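A note on names: the letters A, B, ... follow the listed sequences, proteins ahead of strands, and every chain is numbered from 1. What you see is a predicted model, and the numbers here were worked out from it, not measured in a lab.
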Protein chains: 2
Amino acid sequence: MKPIDVFKALSNETRLNILEWLKEPEKHFPKQGAHLPKEVSYKGGVCVGDIQEKAKVSQSTVSSYLNMMQRAGLLESIRHGQWTYYRRNEEIIQELAKYFKTEI
Amino acid sequence: MKPIDVFKALSNETRLNILEWLKEPEKHFPKQGAHLPKEVSYKGGVCVGDIQEKAKVSQSTVSSYLNMMQRAGLLESIRHGQWTYYRRNEEIIQELAKYFKTEI
DNA sequence: TTGACATATCGAGAAATTTAGATGTACAAT
DNA sequence: ATTGTACATCTAAATTTCTCGATATGTCAA
């Protein structure tokens, strides 16, 4: 987890929004989890298409945004069938908050 | 104080370094305060030239970096004679840490 | 007032980021 | 097997950021 990559990931309005939306997925993505069968629970995960719809950017853009945020450590993902679910990596984010408080 | 501007300011190795150096100015800038007469104390302030020397970028670059960081709220400055002293704006930075913890 | 110095601002070319559309890949349903 | 859907990757143009040298501004000292 390189702080610079995190800051770069957060230097964009859309990406920042995505991260905030994913704090309360059920609020911002009403259809959330529609494709996930009960036995595969991925709490807080939202599929790419739903995020794209809300973010109003192209499919390729949202895909690379999510990938970038994942590489920065902000998100984690799981693939289920044809869907990829992304959610916040709260553990890393908490580490980041600590880093910000003590190192910045 | 717009978070995005802060993240942009922190998305650069040199600027991130400057912010960290300014946490311990006396450690990183031995000559610190050489030009400041005693009656004008600006605790933790370091002049542009000293920062430039350590950062190893051009004078214009360091000047615009410092300006950018100030606009983002990370730094504050005071001019004394021909020197401009920059130091961390700890109040804002603390607010930012709180913002990061609660909003990110 | 002139000259020297510290810093700020300007202008421009190089490099990185943004973003979309086209194409590729994997899976599901028929 | 074929088709449709979800997502990833590639390519490229537009925009933004980076970074410098040149120039401008402000201040001090002689």
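The NZ-C1' distance, from Lys8(A) to dT17(C), rounds to 9 Å in whole Å. Atom CE in Met69(B) sits about 15 Å away from atom C1' in dC18(D), given to the nearest Å. Atom pair Leu10(A):CG and dT18(C):P shows a separation of 12 Å (rounding to whole Å applied). With rounding to whole Å, Arg71(B) atom CZ is found 12 Å from dT9(C) atom C1'. dT18(C) atom C1' lies 13 Å from atom CD1 of Ile4(B), rounded to whole Å. The separation between Trp83(B) atom CH2 and dA4(C) atom C1' is 11 Å, rounded to whole Å. As a whole-Å value, the separation of Leu16(A) CG from dT18(C) P is 13 Å. When the P atom of dC18(D) is taken as reference, atom CG of Leu66(B) falls 14 Å away, rounded to whole Å.
Relative ring orientation between Tyr99(A) and Phe7(A) is described as tilted, the plane-to-plane angle lying within the 30° to 60° band. In this pair, His28(A) and Trp21(A) present their aromatic rings tilted. The plane angle is within the 30 to 60° band.
Here the side chain of Thr102(A) pairs a donor or acceptor atom with the backbone of Lys98(A) at under 3.5 angstrom.
Remark: Arg15(B) is in phosphate contact with dC18(D), judged by side-chain N or O atoms under 4.0 Å from OP1 or OP2. Close to dT19(D), at under 4.0 Å from its OP1 or OP2, lies no side-chain N or O of Ser58(B). Look at Asn12(B) and you'll find a side-chain N or O under 4.0 angstrom from OP1 or OP2 of dT19(D).
Comparing dC18(D), dT19(C), dG4(D) by their closest approach to the side chain of Ser64(A) singles out dT19(C). Each of dT7(C), dA6(D), dC10(C) was ranked by its minimum atom distance to the side chain of Ser60(B); first place goes to dC10(C). With dA8(D), dT7(C), dT18(C) as the choices, the nucleotide that has an atom nearest any side-chain atom of Met68(A) turns out to be dT18(C). For Gln82(B), counting side-chain heavy atoms from C-beta on, the closest listed nucleotide (dC28(D), dC7(D), dC18(D)) is dC28(D).
Counting only N and O atoms by type, the side chains of Ser11(A) and Ser11(B) include a donor and acceptor under 3.5 Å apart.
Residue-level contact check: Val57(B) touches the backbone only, with heavy atoms under 4.0 Å from sugar-phosphate atoms and none from bases. Among the protein residues, Thr84(B) comes within range of the sugar-phosphate backbone only, with heavy atoms under 4.0 Å from sugar or phosphate atoms but none that close to a base.
Nearest-nucleotide mapping onto DNA chain C: of Tyr86(B) and Ser11(A), the residue sitting toward the 5' end is Tyr86(B). For the pair Thr61(A) and Ser77(B), nearest-nucleotide mapping onto DNA chain C gives the more 5' position to Ser77(B).
Judged by distance alone, with hydrogens and angles left aside, Gln59(A) brings no side-chain donor or acceptor close enough to the base of dA20(C) to form a pair under 3.5 Å.
When each of Glu26(B), Glu24(B), Glu76(B) is checked for a salt bridge (Lys or Arg N to Asp or Glu O under 4.0 Å) with Arg87(B), only Glu76(B) meets the rule.
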